[in-house]
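The model shown is predicted, which means the values in this text are computed figures rather than measured ones. For the numbers below, each heavy atom of this structure counts, side chains included, while hydrogens, waters and symmetry mates do not. Letters A, B, ... are given to chains in the order of the sequence lines, protein chains preceding strands, and every chain is numbered from 1.
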Number of protein chains: 2
Amino acid sequence: MATPRTDPLTLDVIALIGGVVARYHEEYDRAAAAHALTGAQARVLGLLSHEPMPMRKVARTLKCEPSNITGIVDRLELRGLVERRPDPADRRVKLAAPTEDGMRTARQLRDALDFAREPLADLSEAERTMLRDLLRRMLGDEPSGAADAAPPSPGAAAG
Amino acid sequence: MATPRTDPLTLDVIALIGGVVARYHEEYDRAAAAHALTGAQARVLGLLSHEPMPMRKVARTLKCEPSNITGIVDRLELRGLVERRPDPADRRVKLAAPTEDGMRTARQLRDALDFAREPLADLSEAERTMLRDLLRRMLGDEPSGAADAAPPSPGAAAG
DNA sequence: TATTGTTATACTCTATAACTATA
DNA sequence: TATAGTTATAGAGTATAACAATA
């Protein structure tokens with residue numbers, strides 16, 4: 001909390017992580033823009049491409065209010081990338097699912113999105129293993145699967 | 001470009017980097033919200049706390065249109081965190097500079113912001129050095145200083 | 001003529017609150 | 001009564017285009 005005086009090495013690493021975050025967003029936004037999608041839209045589409053899910057769950061996963069998802073899915077639906085299906089088990093629920101076109105777009109997004117692939121190619125397998133283990137420890141051994149949920153919502157904290 | 005089939009280890013690392021990006025934003029937004037600032041406002045304030053600069057340069061650094069900066073600085077100015085000063089050398093230019101209160105806030109933000117400090121504390125010095133060097137190579141030995149510029153603008157790519 | 005900052009406009013994202021249809 | 005999704009509303013960020021002041 002109070003800044004216990006951090007050593008230069010740690011500050012270096014922190015600055016580098018800032019660089020990684022910046023690079024991640026550049027690539028992500030570039031990929032989304034190439035399909036005329038906003039970041040939020042690309043995020044939702046990518047999430048649904050793994051597995052169709054109720055609107056509510058999309059909101060929970062992306063850590064935003066359910067009302068936002070309505071609009072984002074509306075726009076994706078207008079583009080023909082996503083559709084709303086009834087849930088046979090609960091008539092209140094609408095399952096958001098990518099169309100074929102949406103799946104194709106999601107795949108292209110994902111390909112363009114693993115921005116780290118090329119830089120990582122410069123590292124040996126031993127180095128990549130080290131990097132993986134160090135990152136794991138840094139994140140506290142969180143379970144994987146954060147790949148899509150990654151770029152959360154910055155524009156938040158309004159009002 | 002075309003997805004040359006990436007090995008599982010690299011995919012692991014990519015997923016972990018996604019986790020890092022997510023964590024970075026969580027911390028950043030939490031810190032900003034604690035001061036009732038949006039991400040964009042915190043970003044501009046942090047940038048100016050290093051060095052006052054023309055509105056134009058803020059936009060260039062944050063990679064957004066100059067017209068956006070007008071509004072963000074407006075809101076920061078209303079809060080008394082930033083002020084606009086004339087540039088003696090060029091009367092067209094307005095230098096955005098943090099007030100004392102703004103500097104104090106920026107400092108608190110920065111302290112709360114190096115989110116990686118605590119997780120990194122679990123790593124030995126040798127491990128931190130390795131991590132630093134690996135990240136440097138990943139980023140292509142970019143110059144440092146990306147700490148503040150880091151979380152760029154996701155909400156972009158609109159209209 | 002070019003540049004700086006601003007204004008006007010329109011779109012997206014965000015949260016909050018109220019509404020509906022189900023459960 | 002509680003839950004899922006929607007609608008309405010308002011604030012913030014973003015880009016584009018046009019403008020005044022200055023270079």
Side-chain angles (χ1 to χ4, degrees), chain A residues 25-26 28-30 32-33 35-45 52-79 82-97 151-159, chain B residues 25 28-29 32-33 35-45 52-79 82-97 151-159:
Chain A
H25 277 288
E26 280 172 29
Y28 195 97
D29 289 346
R30 185 199 324 269
H35 292 271
L37 293 172
T38 66
Q41 288 162 9
R43 212 141 48 231
V44 168
L45 182 57
M53 62 177 74
M55 309 285 287
R56 205 86 186 177
K57 188 172 178 187
V58 177
R60 219 169 354 190
T61 307
L62 266 47
K63 289 173 186 155
C64 71
E65 292 301 313
S67 57
N68 301 329
I69 305 303
T70 297
I72 295 172
V73 168
D74 278 353
R75 279 160 224 128
L76 287 171
E77 201 164 28
L78 271 176
R79 296 271 309 266
V82 158
E83 63 185 9
R84 276 178 248 235
R85 301 177 190 156
D87 181 338
D90 187 336
R91 285 195 301 172
R92 292 173 304 179
V93 172
K94 290 176 189 170
L95 295 170
S153 23
Chain B
H25 276 288
Y28 195 96
D29 289 347
H35 292 271
L37 292 172
T38 66
Q41 289 162 9
R43 210 141 50 231
V44 168
L45 182 57
M53 63 177 73
M55 309 284 287
R56 204 86 185 178
K57 187 171 178 188
V58 177
R60 218 167 345 169
T61 306
L62 266 47
K63 288 173 185 154
C64 71
E65 292 302 312
S67 57
N68 301 328
I69 305 303
T70 297
I72 296 173
V73 168
D74 278 354
R75 279 159 225 131
L76 287 171
E77 202 164 25
L78 272 176
R79 298 269 308 265
V82 157
E83 62 184 9
R84 278 179 247 234
R85 300 177 190 158
D87 181 338
D90 186 337
R91 286 195 301 173
R92 291 174 303 180
V93 171
K94 290 176 188 170
L95 295 169
S153 24

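- Each end of the helix from C/dT1-D/dA23 to C/dA23-D/dT1 gets its own rotation axis from five pairs of C1' atoms, and the angle between them is 10° to the nearest 10 degrees.
- Under 4.0 angstrom from either OP1 or OP2 of D/dT14 there lies no side-chain N or O belonging to B/Lys63.
- Of all the heavy atoms in A/Val93 and A/Pro54, the pair that sits closest is CG1-CB, 3.7 Å.
- In this structure A/Pro66 satisfies the side-chain contact (heavy atoms from CB on, under 4.5 Å) test together with A/Arg56, A/Ala59, sequence neighbours excluded.
- Each salt bridge (Lys or Arg N to Asp or Glu O under 4.0 Å) pair with one or both residues in residues 65-78 of chain A, not counting sequence neighbours, appears once here: A/Asp74-A/Arg84, A/Glu77-A/Arg84.
- One finds a side-chain N or O of A/Arg84 lying less than 4.0 angstrom from the OP1 or OP2 phosphate oxygen of D/dT6.
- Atom NZ of residue A/Lys57 and atom CG of residue A/Leu95 lie 10.5 Å apart, to the nearest 0.5 angstrom.
- Applying the salt bridge (charged side-chain N to carboxylate O under 4.0 Å, His left out) test to B/Asp87 and every residue at least two apart in sequence or in another chain returns nothing.
- Residues from residues 68-79 of chain B that place a heavy atom under 4.0 Å from any atom of DNA chain D, listed by number: B/Asn68, B/Ile72, B/Arg75.
- When rounded to the nearest whole Å, the span between CE of A/Met55 and P of D/dA4 equals 13 Å.
- When the side-chain nitrogen and oxygen atoms of A/Thr38 are compared with OP1 and OP2 of C/dC13, one or more of them lie within a distance under 4.0 Å.
- Counting all heavy atoms, side chain and backbone alike, B/Met55 lies closest to B/Ala96 at SD-CB, 4.2 Å.
- The distance from atom CE of A/Met53 to atom P of D/dG5 is 12 Å, rounded to the nearest whole Å.
- Rounded to a whole Å, the CZ atom of B/Arg56 is 14 Å from the P atom of C/dA2.
- When the C1' atom of D/dG5 is taken as reference, atom CZ of A/Arg85 falls 18 Å away, rounded to whole Å.
- When rounded to the nearest whole Å, the span between CD of A/Glu65 and P of D/dT9 equals 19 Å.
- Look at CG on B/Leu37: it is 18 Å from P on D/dG11, rounded to the nearest Å.
- One distance of note links CZ of B/Arg60 with CE of B/Met53; it measures 9.5 Å at 0.5 Å rounding.
- Using a 4.0 Å heavy-atom distance criterion, B/Arg60 is classed as making no nucleic acid contact.
- With sequence neighbours excluded, the residues satisfying salt bridge (charged side-chain N to carboxylate O under 4.0 Å, His left out) with A/Arg30 are A/Glu27.
- Scanning for salt bridge (charged side-chain N to carboxylate O under 4.0 Å, His left out) contacts around A/Arg91 gives an empty result, with sequence neighbours left out.
- Residues A/Ala40 and A/Ile72 approach most closely at CB-CD1, 3.8 Å, considering heavy atoms.
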Exercise. Go along nucleotides 17-23 of chain C 5' to 3' and tag each nucleotide: B for a protein heavy atom under 4.0 Å from its base, S when only backbone or sugar atoms are that close, - otherwise.
Key: B----BS
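- The minimum heavy-atom distance linking B/Pro88 with B/Pro86 is given by the pair CD-O, 3.6 Å.
- Taking atom NZ of B/Lys57 as the reference point, atom P of C/dG5 lies 12 Å away to the nearest angstrom.
- Remark: P of C/dT14 and CD of B/Gln41 are 16 Å apart, rounded to the nearest angstrom.
- For B/Arg92, the salt bridge (charged side-chain N to carboxylate O under 4.0 Å, His left out) partners at least two apart in sequence or on another chain are B/Asp90.
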